Asker: 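Sharing a structure below in structure tokens format, with a few things to ask.
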Amino acid sequence: MTVTTIGIIGGGQLGRMLAMAAARLNFRTIILEPQSDCPAAQVASEQIVAPYDDPEALDALARACQVVTYEFENVPVTAAQRLQSTVPVFPPPKALEVAQDRLAEKRFLNACGIETADFRVVDSQEDLEKALADFDGRGVLKTCRLGYDGKGQRVFRSKQDDPAGAFDALGGVPLILESFVPFEREISIIAARGSDGRVLCYDPAENVHRNGILHTSTVPARIAESTSAAAREAGRKLLEALNYVGVIGIEFFVMPDGALIANEIAPRVHNTGHWTEAGCVISQFEQHMRAVGGLALGNPQRHSDCVMTNLIGDDVLDVPQWLEKPNVLVHLYGKTEARPGRKMGHVTELGA
Ligand code: AMP
């Protein structure tokens, strides 16, 4: 079926950038998002203002679109499944199931032959103490679900770090303790799979986080060609195992010997791929819309080296200075209030 209208669940900046890329290819977009005048709705064709799991809203979206995608991984799986009974949903809801739960995610990655940090399931304070003993008192404790930007985590750096009360402090919910990974740097790969099964990857980006939030992505990453090839290969395996259509982001730790350890996956366009709108002819956003809209994938080749910097909270006050610089693409998200930790926009500097 020819796709003319694409539904997008979620109305944040990723939905905004997807809708902008879609418009250039003559796709109309409808955003499902409870907050009116959200960043995505400001540039989309239409918005349905309703909760993500509202059955009537989902049915209205399914009637109005030929395909539905999403811009965040915590879309209720039941909502994606309801849609899927009448309209294709890409990436497949299975990708949501895997990405929403760190335990399912690690098990799926391992089953695909992709290495992750060693981990233990933690369902009680007693489990935590046993798991820490296994890892010599060091590790990163994370909620299995709904953690993002470093939220819902506790780091144990040594045996002196007292775990008393840590299970309850994270809300008494299912947790996972990961062994502490002594990585040299962090990278990510943005990979795409078309409806014809073709897989293409962008160059890996090297990422720096501040206070658990992405600060910069730099391309090229300072890694060996073999490490880059391994990241692409992991992306291909994962996309094929999920029978995926669309763009995925995969974050890795790079060990001193160049080996990769997968940290997490995001079944959507990803903040560490924002550089592609300035550094490549075809951005990750267009690539995703091409894939879900049934068009041929575009060339992901990078034409420039670049550094993408997130504008978090008051960083947005620096926009006038960024606008003065040559070879800088400024992208703002249409958010009025610059709260601390809130992603307000990003800038990508070419040739940096
Ligand atoms: P995450 O929410 O899983 O992306 O974790 C946020 C950040 O915490 C990562 O980007 C790393 O810098 C750090 N981190 C997470 N897990 C580990 C780990 N197992 N070992 C060392 N550092 C970690």
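Please read these numbers as outputs of a predicted model, since none were measured by experiment. Index from 1, following the sequence. Counting starts at 1 for both ligands and their atoms, following the listed order.
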Asker: Mark up the atoms of ligand 1 that fall under 4.0 Å of a heavy atom belonging to E264, in ascending order.
Answerer: 1 (P), 3 (O), 4 (O)
Asker: Distance under 4.0 Å to a non-hydrogen atom of F183: what atoms of ligand 1 satisfy this?
Answerer: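 Listed by number with element: 12 (O), 21 (C), 22 (N).
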Asker: Can D59 and R82 be counted as an ion pair, charged N to O under 4.0 angstrom?
Answerer: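 A salt bridge is present here (some side-chain N lies under 4.0 Å from a carboxylate O).
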Asker: Identify, by atom number and element, the atoms of ligand 1 in contact range of R102, meaning under 4.0 Å from any of its heavy atoms.
Answerer: 2 (O), 3 (O)
Asker: Please list, in number order, the atoms of ligand 1 under 4.0 Å from a heavy atom of E186.
Answerer: 9 (C), 10 (O), 11 (C), 12 (O)
Asker: Select one of side chain, backbone, both or neither to describe which atoms of V155 lie under 4.0 Å from any atom of ligand 1, heavy atoms only.
Answerer: neither
Asker: Measuring from non-hydrogen atoms of S179 to any atom of ligand 1, is the shortest distance under 4.0 Å?
Answerer: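 Yes, S179 has heavy atoms under 4.0 Å from ligand 1.
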Asker: Could you label the plane-to-plane angle of the W275 and Y202 rings as parallel, tilted or perpendicular, counting under 30° as parallel and over 60° as perpendicular?
Answerer: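 It falls in the perpendicular class, over 60°.
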Asker: Nearest non-hydrogen contact with atom 15 (C) of ligand 1 belongs to which option: E178, K142, E105, H209?
Answerer: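 It is K142 that holds the nearest heavy atom.
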Asker: Heavy atom to atom 17 (C) of ligand 1, shortest distance: which of F253, F119, F180 holds it?
Answerer: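 Comparing heavy atoms across F253, F119, F180, the nearest one to atom 17 (C) of ligand 1 lies in F253.
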Asker: State whether D118 and K106 are salt-bridged, where the test is any N-O pair (Lys NZ or Arg NE/NH1/NH2 against Asp/Glu carboxylate O) under 4.0 Å.
Answerer: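 Result for this pair is no, no salt bridge flagged.
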Asker: Judging by distance only, is a nitrogen or oxygen of E251 under 3.5 angstrom from one on ligand 1?
Answerer: no
Asker: For I114, is there any backbone N or O sitting under 3.5 Å from a side-chain donor or acceptor partner on N110?
Answerer: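 Here the side-chain-to-backbone pair exists.
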Asker: If the cut-off is 4.0 Å to any non-hydrogen atom of V140, which atoms of ligand 1 fall inside it?
Answerer: 17 (C), 18 (C), 19 (N), 20 (N)
Asker: Taking only heavy atoms of Q153, which atoms of ligand 1 are found under 4.0 Å from at least one of them?
Answerer: 1 (P), 2 (O), 3 (O), 5 (O)
Asker: If we count only N and O atoms by modelled type, under 3.5 Å, do the side chains of H288 and T69 hold a donor and an acceptor together?
Answerer: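 Result is yes, a qualifying pair exists.
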Asker: Which atom names give the shortest non-hydrogen contact between Y244 and R268, and what distance separates them?
Answerer: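 Smallest interatomic distance, heavy atoms only, reads OH-N, 3.6 Å.
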Asker: If we only count N/O pairs under 3.5 Å, is V181 in contact with ligand 1?
Answerer: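 Between V181 and ligand 1 (N or O atoms, distance only) the closest approach is under 3.5 Å.
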Asker: Supply the atom-to-atom distance E129 CD to L177 CG, rounded to the nearest 0.5 angstrom.
Answerer: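 With rounding to 0.5 Å, CD (E129) is 11.5 Å from CG (L177).
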Asker: Could you label the plane-to-plane angle of the H274 and Y333 rings as parallel, tilted or perpendicular, counting under 30° as parallel and over 60° as perpendicular?
Answerer: perpendicular
